[in-house]
Protein chains: 2
Amino acid sequence: MTTTSPQGRTELLRPDGSPVRVLVVDDELSITELLSMALRYEGWQIRSAGDGTGAVQTAREFRPDAVVLDMMLPDMDGLAVLGRLRRELPDVPVLFLTAKDAVEDRIAGLTAGGDDYVTKPFSLEEVVARLRGLIRRSGAADRRSDSVLVVGDLTLDEDSHEVSRAGENIHLTATEFELLRFLMRNPRRVLSKAQILDRVWSYDFGGQANVVELYISYLRRKIDAGREPMIHTRRGAGYLIKPAAS
Amino acid sequence: MTTTSPQGRTELLRPDGSPVRVLVVDDELSITELLSMALRYEGWQIRSAGDGTGAVQTAREFRPDAVVLDMMLPDMDGLAVLGRLRRELPDVPVLFLTAKDAVEDRIAGLTAGGDDYVTKPFSLEEVVARLRGLIRRSGAADRRSDSVLVVGDLTLDEDSHEVSRAGENIHLTATEFELLRFLMRNPRRVLSKAQILDRVWSYDFGGQANVVELYISYLRRKIDAGREPMIHTRRGAGYLIKPAAS
DNA sequence: CGACAGTCTGTGATTTTCCTGAGAAACACA
DNA sequence: TGTGTTTCTCAGGAAAATCACAGACTGTCG
């Protein structure tokens with residue numbers, strides 16, 4: 001089930017209308033904090049754990065609808081944690097967090113079961129999107145909630161990563177796609193450059209703040225080129241997207 | 001939940017009808033005083049603290065719905081305070097105060113969790129507006145409370161920063177927007193130039209007092225141009241806004 | 001009716017914010 | 001390893017916003 005809040009944001013809910021529950025497992029406090037904050041903002045209920053044993057314990061009583069699991073934990077191997085979690089919660093989908101270089105090793109096989117992974121350092125948009133996808137597909141939330149964002153004649157499919165305007169297909173790079181997704185998930189709302197940076201770029205990004213301007217400029221070339229513009233600048237405040245006709 | 005007071009001001013209230021509670025943390029007394037006064041004027045209950053330990057203590061027993069937190073405190077780092085606050089109050093939104101040049105400095109990630117920040121020197125209008133936004137979105141106040149101010153046929157949307165009169169869209173600059181917001185949040189009430197300067201301009205503004213006249217003049221050109229005027233001068237007293245038909 | 005304080009607004013200097021081209025570095029994939 | 005793509009920095013320039021200043025205007029009161 002999904003509802004649309006007055007702000008226009010779409011929230012995932014369980015079939016009985018209660019909020020989705022997510023367990024976050026990572027040994028770095030800053031990461032669990034960051035994720036907890038961001039996921040709570042999605043309207044979800046969050047618990048966190050700092051190691052494998054804590055994770056299993058919390059899972060037993062919290063019964064989450066999804067788990068975010070760092071593969072590198074102090075007390076046990078990621079796979080061991082996974083095994084025990086599965087004993088408690090056979091069907092819960094898991095989003096793995098893993099270092100960039102350690103990807104192919106063992107994760108590949110795991111995602112076959114419907115799980116998914118993101119590499120550190122991640123962007124919050126990516127984690128949230130993946131989690132939404134996992135929860136949606138697991139059936140913990142209403143299946144009909146679909147994966148297509150629409151604003152005016154602009155369309156973005158979160159599953160296939162396809163974007164089109166007025167029926168015409170548009171190719172976006174990964175970053176452009178995430179930026180557009182963030183904008184489209186908050187239509188008609190001004191988003192500051194800081195918000196965008198925090199949400200779309202990875203948490204350890206230390207670069208110039210004007211990347212946002214740059215990528216807005218890229219998006220405009222691809223999406224607004226020669227058409228009625230949908231991406232608008234609010235000088236001194238940020239950017240927003242809205243249907244062309246208004 | 002919102003109610004409309006006899007003066008026509010709309011107040012944010014918690015779902016049970018009690019006033020919103022805000023904790024202000026800053027080591028400069030002049031700042032906490034300034035903020036406390038302004039926020040009390042909103043009808044909120046305010047407590048303040050001058051350092052991190054005091055903040056955590058106060059938070060524990062005061063249970064605020066939002067916190068205003070200076071990043072530069074004498075006893076501990078802003079992020080450390082945040083961590084401890086979060087242990088007490090996991091879901092409370094935080095508005096950070098930070099020096100202008102220190103922005104890039106580790107504000108990273110903070111706006112992603114639904115928190116927000118303003119840079120010193122700030123204007124009170126801005127702080128109040130941000131706080132209202134945070135509280136509204138956090139669910140401490142009724143979610144149905146929306147973000148549109150209406151006076152007569154004039155409309156101002158705090159989310160999209162859109163302003164229209166009689167259906168016609170009007171573009172305002174950032175300062176014009178804040179001035180109009182202040183007027184519209186106090187319809188039919190005379191606001192002195194000093195009040196306006198104190199609320200809409202940042203507290204360290206050292207310029208000529210006639211900026212207010214100047215910006216009122218800008219607003220009139222855009223809002224009242226060729227129409228029944230809504231912005232009125234009360235010579236020797238100040239300005240007020242009211243619906244055209246009266 | 002005249003004078004004065006208070007208010008309005010045109011002009012332009014200064015500052016801030018934003019946009020975008022060019023190219024370097026990192027990356028992806030064959 | 002090589003090639004094409006993507007990400008990002010840097011810097012110049014354009015545009016917009018802010019504000020000081022000064023002269024015009026207006027309401028009020030003697």
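Residue numbers start from 1 in every chain, and the chains themselves are labelled A, B, ... in the order their sequence lines are given, proteins ahead of strands.
Comparing atom distances between the B:Thr233 side chain and each of C:dC8, D:dA20, C:dC18 picks out C:dC8 as nearest. Distances were taken from every side-chain heavy atom of A:Arg220 (C-beta onward) to each of C:dC19, C:dT9, D:dC8; the shortest belongs to C:dC19. Here D:dA20 is the nucleotide among D:dA20, C:dT9, D:dC8 with the atom lying nearest to any side-chain atom of B:Phe205.
Residue-level contact check: B:Gln208 touches the backbone only, with heavy atoms under 4.0 Å from sugar-phosphate atoms and none from bases. At a threshold of 4.0 angstrom between heavy atoms, the contacts of A:Phe177 with the nucleic acid are absent. Residue-level contact check: B:Ile216 touches neither bases nor backbone, having no heavy atom under 4.0 Å from any strand.
Dashed line: the shortest gap from a side-chain N or O of A:Trp201 to OP1 or OP2 of D:dT7 is not under 4.0 Å. The phosphate of D:dT7 has OP1 or OP2 within less than 4.0 Å of a side-chain N or O from A:Thr175. The phosphate of C:dC18 has neither OP1 nor OP2 within less than 4.0 Å of any side-chain N or O from A:His232. Phosphate proximity of C:dC8 to B:Arg221: absent, as no side-chain N or O sits under 4.0 Å from OP1 or OP2. Contact between the side-chain N/O atoms of B:Lys193 and the OP1/OP2 oxygens of C:dT7 is found at a separation under 4.0 Å. Between C:dC8 and B:Ser217, no contact under 4.0 Å exists linking OP1 or OP2 to a side-chain N or O. Between A:Tyr215 and the phosphate of C:dT20, there is no side-chain N or O to OP1/OP2 separation shorter than 4.0 Å.
Rounded to an integer number of Å, the gap from CG of A:Leu179 to P of D:dC8 is 12 Å. For the pair B:Leu219 CG and C:dC8 P, the computed distance is 12 Å after rounding to whole Å. Put simply, CG on B:Asn210 is 13 Å from C1' on C:dG10, counting in whole angstrom units. When the P atom of C:dT16 is taken as reference, atom CD of A:Glu213 falls 16 Å away, rounded to whole Å. Put simply, NE2 on A:His171 is 16 Å from P on D:dG4, counting in whole angstrom units. In this structure, B:Leu214 places its CG atom 10 Å from P of C:dG10, rounding to the nearest Å. Rounded to an integer number of Å, the gap from CG of A:Asp204 to P of C:dA26 is 15 Å. Taking atom CG on A:Leu172 and atom C1' on D:dT7, their separation rounds to 15 Å, with Å as the unit.
A:Tyr218 and A:Tyr215 have perpendicular rings, their planes meeting at more than 60° on a 0 to 90° scale where under 30° would count as parallel. Aromatic ring orientation, A:Phe122 versus A:Tyr203: perpendicular (interplanar angle above 60°, classes split at 30° and 60°).
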If you apply the rule side-chain hydrogen bond (donor to acceptor under 3.5 Å, both in side chains), what do you find for A:Arg220 with A:Thr233, and how did you get there? CA-CA 11 Å; A:Arg220 280 177 167 150; A:Thr233 304; 2.7 Å; yes

Might you work through the side chain to side chain contact (heavy atoms under 4.5 Å, CB included) test for A:Leu197 and B:Thr111, ending with a clear yes or no? CA-CA 9 Å; A:Leu197 205 56; B:Thr111 75; over 6 Å; no

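Side-chain contact annotation: B:Asp26 with B:Thr32, donor-acceptor N/O pair under 3.5 Å absent.
In this structure, B:Met230 and B:Arg165 have side chains that are in contact, with non-hydrogen atoms separated by less than 4.5 Å.
Contact of A:Tyr239 with C:dC18 (side chain to base): no donor-acceptor pair of N or O atoms is detected under 3.5 Å. Judged by atom type and distance alone, B:Arg235 does not reach the base of C:dT7 through any side-chain donor-acceptor pair under 3.5 Å.
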